[in-house]
Colleague: 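Quick one: the structure is below, and I'll ask about it shortly.
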Amino acid sequence: MCGADPGALRRGAVDSPAMPDAPISRSSRIEIGALGGHARSEVTVCGFVDTIRRHRSVVFVVVRDETGAVQVVANPDPAEPFAQALNDLSVGSAITVRGALVDNEVVKLGGLEIQASSLVVESLSEAQWPITEETSLDKRLDWRFLDLRKPENLLIFRTQTVIEHAFRELWAEDGFVEIHSPKLMASASETGSELFRLEYFDGYAYLAQSPQFYKQMAMAAGFGKVFEIGPVFRANPSFTSRHDTEFTSVDVEISWIDSHENVMAHEERMLHAALTAVKDRYGALIEELFGVNIQVPVLPFPRVTHEQAHEIVEASGYRVPRADGDLDPEAERRLCAHIAREHGHEFVFVTDYPAALRPFYHMRHDDNPGLTKSYDLLWKGLEITTGAQREHRHAVLRAQALEKGMSEDEISYYLDFFRFGCPPHGGFGLGLTRILMILLARANVREVTYLYRGPNRLMP
RNA sequence: GGACCUGUGGUGCAGCUCGGAGUGCACGCCGGCCUGUCAAGCCGGAGGUCGCGGGUUCAAAUCCCGUCAGGUCCGCCA
């Protein structure tokens, strides 16, 4: 170990310093964001070293915690008790600083600084970081914990917290019940083509691709209205900016509805509440860090039928190349552009999809069995939700399942939900990561997912 | 799964058409100078299997083939 890493000895000296003085109380730290309103007196702050600017007789250290950043000014005189710590300090290190908080209008960072009287290196960072501001996303994801130290990344998850809280507030007021459905299943909940299979004792289990059947079970159980925010798993080898193999889904199911219209009305209220809350709480910060001015959507959202959507897209000079007639991403972008132009709205419900494009459990129109009582919700050109009124009549449901080629054995447990009385109901699934991606104008779901999972990424 | 694109010091790039010594830029890192910086500045330095394998050639970062990794879009979907 001699000389292999000349910094190691010095770091060792810092990590276990002689500490003659009483230790600084970390738990009495002031959050940096609160310093502006704090008395100009001795304060303790804890945080990561953001930058170090060294001069002969003065050193500036910018310290950042989860609430903000502040400049610390320190004297590098070898006679200072923290001289060695200051000399060895590196960007990224976790430190505790105590000193006099003073106003100084020369300081660009908030007009404040702390004149250090003591400085403790709690944990020294290696000097050379593997990532920088310029590093490509994939490499930053390898070092996600370092990437997440950036204030804008913290803001993503603060925003997510506000969104979920706004949803939960609304659900609580409306008497919804929260459920946590199992993620281990015996068989497919929908198509079966995109399931992860894993060993389960002497047999196999599958990871749930959706809580679909289980939230419908809650309707048969008489829970009335339920929600779940939880992980879902999709074994799609999808290489796009908007897909992942594990993501957080916001699921809702509501009993005693008249049609999918009631479901849409609930969802637009949810999004209105969430965006209002985000704008109130972080609108200015989001504008500053992401350049996004949040538009709280007007209620109700515009609605077009699937057929009307096609007419709008074709009028724009684009013919959907797909054989099955569903809207492709280009058509969805054009439709949203049209709605934004004509109605000044970022959202649009596309309703009444052909039965051929929808799963067996979507209810069909009484007067037109070729169309379902279903919808997608698009936001700024991206699909964020699929919802529908469900078919709750056992005989009809069973017939539609058989028509779609489902095996009765595989879904008999599901069909049982409808044999002993079940309310008319409907619901939807909403991709939380897609909401964040659109809301914060990020290019990719990987950036707004705490730890992204895709076909080629299981680490960290 | 399909199409197209990209792999060059720690990071981001240029160099590749038209082969000629690992050449260059910016940031970072290390050392030095500098009473107050705030994108600090100035001087010096270290750091490379040009993703990997094969081929063509006197000679390959450069041309060809294969392979691996990544990106964008499509398909699938939320």
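Throughout, protein chains are lettered first and strands after them, A, B, ... in sequence-line order, and every chain is numbered starting at 1.
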Colleague: By nearest atom, which of the nucleotides rA78(B), rC76(B), rC74(B) is closest to the Thr385(A) side chain?
Modeller: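 For the Thr385(A) side chain, the nearest candidate turns out to be rA78(B).
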Colleague: Taking only the side-chain heavy atoms of Pro237(A) (C-beta and beyond), determine which of rC73(B), rG1(B), rA78(B) contains the nearest atom.
Modeller: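 Of rC73(B), rG1(B), rA78(B), rG1(B) is nearest to the side chain of Pro237(A).
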Colleague: Check every strand shown and say whether Ile384(A) touches a base, only sugar-phosphate, or nothing at a heavy-atom separation below 4.0 Å.
Modeller: sugar-phosphate
Colleague: Round to the nearest Å and state the distance from Tyr375(A) atom OH to rC77(B) atom P.
Modeller: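 Nearest whole value for this atom pair: 17 Å.
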Colleague: For the C1' atoms, the ones on rG44(B) and on rA60(B), what distance do you get once it is rounded to whole angstrom?
Modeller: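 To the nearest whole Å, 34 Å.
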Colleague: Can Asp50(A) and Arg64(A) be counted as an ion pair, charged N to O under 4.0 angstrom?
Modeller: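 Counted as a salt bridge, because a side-chain N and a carboxylate O are separated by less than 4.0 Å.
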Colleague: Mark yes or no for whether Thr245(A), through its side chain, and Arg453(A), through its backbone, hold a donor-acceptor pair below 3.5 Å.
Modeller: yes
Colleague: Does a side-chain N or O of Ser241(A) approach OP1 or OP2 of rC73(B) to a distance below 4.0 Å, or not?
Modeller: yes
Colleague: Sugar-phosphate means primed atoms, P, OP1 and OP2; the rest is base. With that split, encode nucleotides 35-41 of chain B 5' to 3' as B, S or - using protein heavy atoms under 4.0 Å.
Modeller: SBBB-B-
Colleague: Starting at atom CD of Gln209(A), determine the distance to atom P of rA78(B), rounded to an integer number of angstrom.
Modeller: 9 Å
Colleague: Can you tell me which residue pairs pass the salt bridge (charged side-chain N to carboxylate O under 4.0 Å, His left out) test with a partner in residues 260-269 of chain A, sequence neighbours excluded?
Modeller: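 For residues 260-269 of chain A, and leaving out neighbouring residues, the salt bridge (charged side-chain N to carboxylate O under 4.0 Å, His left out) pairs sorted by first residue read Asp174(A)-Arg269(A), Glu261(A)-Arg303(A), Glu268(A)-Arg303(A).
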Colleague: To the nearest Å, how far apart are Leu382(A) CG and rC74(B) P?
Modeller: 10 Å
Colleague: Does Ser238(A) get its side chain close enough to the base of rC77(B), under 3.5 Å, for a donor-acceptor pair?
Modeller: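 No, no donor-acceptor pair under 3.5 Å.
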Colleague: Could you check whether Thr386(A) gets within reach of a base, just the sugar-phosphate, or nothing at all, counting any heavy atom under 4.0 Å?
Modeller: sugar-phosphate
Colleague: What's the gap between rG2(B) and rG75(B) when it is taken at their P atoms, as a whole Å value?
Modeller: 16 Å
Colleague: Can you name the closest pair of heavy atoms from Ile435(A) and Trp379(A) and give their distance?
Modeller: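 Closest approach of Ile435(A) to Trp379(A), heavy atoms only: O-CZ3, 3.6 Å.
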Colleague: Would the distance check show the side chain of Thr433(A) and the main-chain N or O of Val445(A) forming a donor-acceptor pair, the cut-off being under 3.5 Å?
Modeller: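 No, Thr433(A) side chain to Val445(A) backbone: no donor-acceptor pair under 3.5 Å.
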Colleague: Keeping Gln308(A) on the side-chain end and Thr305(A) on the backbone end, is there a donor-acceptor pair under 3.5 Å?
Modeller: yes
Colleague: Can you find a side-chain donor-acceptor pair between Glu228(A) and His180(A) that sits under 3.5 Å?
Modeller: no
Colleague: In whole angstrom, give me the gap between the C1' atoms of rA61(B) and rA46(B).
Modeller: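 Going atom to atom, C1' in each nucleotide, I get 23 Å.
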Colleague: Can you tell me, in whole Å, how much space there is between the P of rG1(B) and that of rU67(B)?
Modeller: 14 Å
Colleague: Could you give me the stems involving RNA chain B, meaning stretches of three or more consecutive Watson-Crick or G-U wobble pairs whose two defining distances are both below 3.5 Å?
Modeller: B:1-7 with B:68-74, B:10-14 with B:23-27, B:29-33 with B:41-45, B:51-55 with B:63-67
Colleague: Any ring-ring contact (aromatic ring centres under 6.0 Å, His included) pairs touching residues 91-148 of chain A, not counting sequence neighbours?
Modeller: none
Colleague: Are the side chain of Asp328(A) and the backbone N or O of Ala331(A) linked by a donor-acceptor pair below 3.5 Å?
Modeller: yes
Colleague: Rounded to whole angstrom units, what separation is found between the CD atom of Glu267(A) and the P atom of rA78(B)?
Modeller: 12 Å
Colleague: On the six-membered ring of Tyr452(A), is Arg457(A) placed so that its NZ or CZ lies under 6.0 angstrom from the centre and within 45° of the ring axis?
Modeller: no
Colleague: Can you tell me how far C1' in rG55(B) sits from the matching atom in rG15(B), rounded to whole Å?
Modeller: 24 Å
Colleague: Rounded to whole angstroms, how far apart are CD on Glu194(A) and C1' on rC76(B)?
Modeller: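 The distance from CD of Glu194(A) to C1' of rC76(B) comes to 7 Å, rounded to the nearest Å.
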Colleague: Can a salt bridge be assigned to the pair Glu66(A) and Arg29(A) using a cut-off of 4.0 Å between side-chain N and carboxylate O?
Modeller: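 Arg29(A) and Glu66(A): salt-bridged.
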Colleague: Please list, for nucleotides 44-50 of chain B, all pairs of protein and nucleotide N/O atoms separated by less than 3.5 Å.
Modeller:
none

Colleague: Check the distance between rA69(B)'s P and Arg140(A)'s CZ and give it to me in whole angstrom.
Modeller: 21 Å
Colleague: Between rC16(B) and rG31(B), how far apart are the C1' atoms? Round to whole Å, please.
Modeller: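 After rounding to an integer number of Å, I get 36 Å for this pair.
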Colleague: Using the six-membered ring for Trp and the full ring for Phe, Tyr or His, decide whether Phe247(A) stacks on the six-membered base ring of rA78(B) (centres under 5.5 Å, planes under 30°).
Modeller: yes
Colleague: Which nucleotide in the set rC74(B), rG12(B), rA78(B) lies at the smallest distance from any side-chain heavy atom of Arg242(A)?
Modeller: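 Among rC74(B), rG12(B), rA78(B), the one nearest the side chain of Arg242(A) is rC74(B).
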Colleague: Could you check which residues of residues 440-460 of chain A get a heavy atom under 4.0 Å from RNA chain B? Sort them by number, please.
Modeller: Asn444(A), Arg446(A), Asn456(A)
Colleague: When you get a sec, tell me which of rG75(B), rC29(B), rG12(B) is the closest nucleotide to the side chain of Lys139(A)?
Modeller: rG12(B)
Colleague: Roughly how many Å apart are rA3(B) and rU49(B), using the P atom of each and rounding to a whole number?
Modeller: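 Roughly 34 Å separates the two P atoms.
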Colleague: Can Glu447(A) and Arg242(A) be counted as an ion pair, charged N to O under 4.0 angstrom?
Modeller: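 Result for this pair is no, no salt bridge flagged.
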Colleague: So which heavy atom on Lys139(A) is nearest to which on Ile131(A), and how close?
Modeller: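 Heavy-atom minimum between the residues: O-CG2, 3.8 Å.
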Colleague: Under the 3.5 Å rule, do the base of rC74(B) and the side chain of Arg322(A) count as making a donor-acceptor pair?
Modeller: no
Colleague: Measure from CG on Leu436(A) to P on rA78(B) and round the result to the nearest Å.
Modeller: 18 Å
Colleague: Rounded to whole Å, please give me the gap between CZ in Phe239(A) and C1' in rA69(B).
Modeller: 12 Å
Colleague: Please tell me if the side chains of Met406(A) and Gln400(A) come closer than 4.5 Å, counting only heavy atoms from C-beta onward.
Modeller: no
Colleague: Strictly distance-based, threshold 3.5 Å: is any side-chain N or O of Arg234(A) a donor or acceptor partner for the main-chain N or O of Phe196(A)?
Modeller: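 No: the side chain of Arg234(A) does not pair with the backbone of Phe196(A).
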Colleague: Side chains of Arg364(A) and Thr372(A): do they bring a donor and an acceptor to under 3.5 Å?
Modeller: no
Colleague: For the C1' atoms, the ones on rC13(B) and on rA59(B), what distance do you get once it is rounded to whole angstrom?
Modeller: 27 Å
Colleague: Thr240(A) side chain N/O closer than 4.0 Å to the phosphate oxygens (OP1, OP2) of rC74(B)?
Modeller: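 False: Thr240(A) side-chain N/O out of range (4.0 Å or more) of rC74(B) OP1/OP2.
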Colleague: Just call it for Arg358(A): base, sugar-phosphate, or nothing, with non-hydrogen atoms closer than 4.0 Å on any strand.
Modeller: nothing
